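Below: the structure, in structure tokens.
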2 protein chains.
Amino acid sequence: MAQKLTLKQIAKDLNVSISTVSKALRDSYEISEETRSKIKDYAKSKNYKPNSIALSLKNQKTKKIGIVIPEIVHHFFATVISGAERVANENGYQVIITVSDESFDKEVVNMEMLANGSIDGFIMSLSKETMDKHDLHHLREVTNQGMPIVMFDRVTNDIACDKIIIDDVAAAHSATDFLMRKGRKNLGLITTVDYVSVGRLRTQGFKQALTERGYECENHQVLKIENADACENEIEKFVVGNNFDGILAVNELFAVTASKALQKHGRSIPDDIAIVAFTDGMLSKYASPTLTTIGQKGEEMGGIAAAKLIERLEKKESDSESYETVIVKTSLIERESTP
Amino acid sequence: MAQKLTLKQIAKDLNVSISTVSKALRDSYEISEETRSKIKDYAKSKNYKPNSIALSLKNQKTKKIGIVIPEIVHHFFATVISGAERVANENGYQVIITVSDESFDKEVVNMEMLANGSIDGFIMSLSKETMDKHDLHHLREVTNQGMPIVMFDRVTNDIACDKIIIDDVAAAHSATDFLMRKGRKNLGLITTVDYVSVGRLRTQGFKQALTERGYECENHQVLKIENADACENEIEKFVVGNNFDGILAVNELFAVTASKALQKHGRSIPDDIAIVAFTDGMLSKYASPTLTTIGQKGEEMGGIAAAKLIERLEKKESDSESYETVIVKTSLIERESTP
DNA sequence: TTGTAAGCGTTATCAG
DNA sequence: CTGATAACGCTTACAA
């Protein structure tokens, strides 16, 4: 069990000073060709790798990015991580993941742990509880220290930072429009409670599309789900008890649940009732019938978030205190659940 | 943008020495009640948090665990991360995630990066390519340095480390048995190529169960999928072209694909043909019909892996060079795809 | 009770 | 061309 090789050890083994070793390995012109290659050969043969912790301390940067998400066992967030990880790696960064479990307290604790020098910046999506309480002191503390944050999906305008979102209003609007163009007139929306920003915005887009076409959007056409784990009965009652010919759902889970409930009651999809869902994940592709979805481009959002963050980390600080909001285009992926 | 607070800064602000501050904050008996509370109050008011990088360097331990997995957008691996992250956090550790994308080279690079002091130990599942080439030098290098590895799911016996697996042979055996007890006589297996350890072992369990009951397992009863991204046609041909009344699939994706192909050809599930799949994920719960599965307990495996690793990290080194293999019990979750 | 100094592994500055 | 020294932030003998 060979001890980890350090500059000191190499210096001792080769009877030179530590700084000579350091310089030789970094190809300094100050070191003679001879010693340089002697040292480099030795280092290579022993597979020397500089200690990244020491470098972090010295350089005051860790080359690590903290990702804070509400959940990891969730297709959308997993794709975001995937995209962020890829771009981070391409730029010599690594990602540290923490999960808030939709809890404000866990979000605070996780961010405090990471902010103590472990990382250079954050990529995050707010927990439900944080959005509900709207307590953002932990985020302010981080930005006040000069540590940049890039938010995605569930964001807030009350923190100075870059944001990566999809245009939820427009996407919901165009999906609703799509259903109406297919001749559907009685539309139902299955969404989340309003404090979840994406749910609220999608609801807004849905309603806008309806009123623009002169439909009134009665309250009973919108179902707001508080707890996704126990939504089955609610959704069944909603879709079966109303005379819809089209459904828009803000995520796959709500959509599949609705689809199954409808089929159980003998309704045919898409003939009797069409379904469009947000989030293009596994369920949509493999449900029966397959679901028409609005792709959320998680991979892309994650990649952009990482790129933005790294860009900010690497440019001379102090300049450009202007933050940007990137809106990632969504696209409708038509499958069997719409005619 | 307040600069990050350090001991040095506190010492200067309060006109004491750095070590006095350090000791006071750690409640050393050496420091007088008065200075101690003065320092602690000040630190608290300014929200001082020790720099974790400096601590890592000093203590030669990072309190970080590296997780190396083949894929992250994959329900099973996501659950493993979730379990590992939870247990790690409970013990004051954080997790750094890297993804090999099933590539040997990426696995090597990722592990080398992390092994340079960034983490205290690894939790990992081998990439397909690594299993295929069976080149394990990067793993040996890590263990030779005295850095522990805990492997899960896709493991090898050629590295001295703890392992967390399910009993794939037994699970496949009992699932096959289950189908036979339901009166099914013509069974098909959809599995992966043999170098993926779990695929090989599950195939073995399947065959064992058949021969024990006196069936011969002809080759055409086993379909080995090389590339999961393009398996649709292969699976369709296999399940439709043979006269099966039962199918065992080594993952959900193969199972759902088979299910849809069969339904397309007018076969009824489970009446004409029953299906059992490994991995209890989203697809199984929401497919039509819902799938009977063998739960793989990813969350539990991740938790055990983290616990084992942390246990090894925190016990006096040198002792106990004996490694353990934990076999996590699986359970059959019966749903609509079996009678 | 407080402070000084060495050390963790690096790099950078400056002296020899 | 090579080496000693300080610094990054923290802990801990040891000195005062």
Side-chain angles (χ1 to χ4, degrees), chain A residues 2-40 42-43 46-64 113 115-120 145-147, chain B residues 2-40 42-43 46-64 113 115-120 145-147:
Chain A
Q3 253 318 289
K4 190 71 187 140
L5 193 61
T6 66
L7 290 187
K8 190 197 262 191
Q9 186 59 44
I10 298 180
K12 186 153 63 152
D13 293 352
L14 261 40
N15 269 308
V16 289
S17 77
I18 294 178
S19 54
T20 302
V21 178
S22 173
K23 285 171 183 163
L25 292 177
R26 330 194 82 238
D27 275 323
S28 163
Y29 64 95
E30 297 180 69
I31 306 296
S32 73
E33 177 56 35
E34 199 197 330
T35 21
R36 200 193 316 170
S37 60
K38 181 181 68 178
I39 290 172
K40 292 185 79 168
Y42 186 78
K46 295 271 194 168
N47 195 28
Y48 168 79
K49 295 276 166 38
N51 179 305
S52 75
I53 294 291
L55 285 177
S56 294
L57 185 59
K58 179 112 237 312
N59 301 332
Q60 300 288 76
K61 51 182 61 171
T62 61
K63 290 282 204 169
K64 292 190 176 35
M113 299 217 53
N116 297 323
S118 295
I119 59 165
D120 297 337
Q145 273 180 212
M147 181 173 287
Chain B
Q3 253 317 289
K4 189 70 187 145
L5 194 60
T6 66
L7 289 188
K8 191 197 262 193
Q9 186 60 45
I10 298 181
K12 186 153 61 151
D13 293 352
L14 261 39
N15 271 307
V16 290
S17 79
I18 295 177
S19 61
T20 302
V21 178
S22 173
K23 287 171 182 165
L25 291 177
R26 329 193 83 239
D27 275 324
S28 163
Y29 63 95
E30 299 179 61
I31 306 297
S32 73
E33 178 55 35
E34 199 197 331
T35 22
R36 200 193 316 171
S37 60
K38 180 180 68 177
I39 291 172
K40 293 184 79 167
Y42 187 77
K46 294 269 195 169
N47 195 30
Y48 169 78
K49 295 276 163 36
N51 179 306
S52 74
I53 294 290
L55 285 178
S56 294
L57 187 58
K58 178 106 231 318
N59 301 332
Q60 299 288 77
K61 53 182 62 170
T62 61
K63 291 282 206 167
K64 292 191 175 40
M113 297 216 56
N116 297 321
S118 296
I119 59 165
D120 297 337
Q145 272 179 212
M147 181 173 286

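Each chain gets a letter, A, B and so on, in the order its sequence line appears, and its residues count up from 1. As the structure is a prediction and not an experimental result, all values here were calculated from the model.
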- prompt: Would you say A:Tyr48 reaches C:dG9's phosphate, i.e. side-chain N/O to OP1/OP2 under 4.0 Å?
  reply: no
message: How many whole angstroms separate atom NZ of A:Lys61 from atom P of D:dG9?
response: 14 Å
- request: Please tell me which of the listed nucleotides, C:dA5, C:dC8, C:dT11, lies nearest to the side chain of B:Gln60?
  value: C:dC8
query: Given D:dC8, C:dT10, C:dG3, which nucleotide is nearest the side-chain atoms of A:Ala54?
result: C:dT10
field: Nearest-Å distance for atom pair CG/P, residues B:Leu57 and C:dT10
entry: 9 Å
statement: In numerical order, the residues of residues 28-37 of chain B whose heavy atoms come under 4.0 Å of DNA chain C are B:Glu30, B:Ile31, B:Ser32, B:Thr35
- prompt: D:dC8 P sits how many Å from A:Asn51 CG, rounded?
  reply: 18 Å
- line: Taken to the nearest whole Å, NZ/A:Lys38 to P/D:dT2 is 8 Å
Nearest-nucleotide 5' precedence on DNA chain C, A:Asn59 against B:Lys23: B:Lys23
statement: Between A:Ala43 and A:Leu25, the two heavy atoms sitting closest are CB-CD2, 3.7 Å
message: Among D:dG9, C:dT10, C:dG3, which nucleotide has an atom closest to any side-chain atom of A:Leu55?
response: C:dT10
message: For a quick test of reading the model: is some side-chain N or O of A:Arg26 closer than 4.0 Å to OP1 or OP2 of C:dT10?
response: no
statement: Per nearest nucleotide of DNA chain C, the residue lying toward the 5' end, A:Leu7 or B:Ile18, is B:Ile18
query: On a plain distance test, is the side chain of A:Ser17 in donor-acceptor contact with the base of D:dA4 below 3.5 Å?
result: no
query: Does the C:dT10 base have a donor-acceptor partner in the side chain of A:Ser22 within less than 3.5 Å?
result: no
statement: Closest to the side chain of A:Thr6, out of C:dG9, D:dA4, D:dC8, is C:dG9
message: With a 3.5 Å distance limit and no angle check, can you tell me whether B:Asn59 reaches the backbone of B:Lys61 through a side-chain donor-acceptor pair?
response: no
message: If you go through the side-chain atoms of B:Lys58, does one of them form a donor-acceptor pair with the base of D:dT11 closer than 3.5 Å?
response: yes
query: Can you name the nearest heavy-atom pair linking A:Ala115 to A:Gln145, along with the distance?
result: O-NE2, 3.9 Å
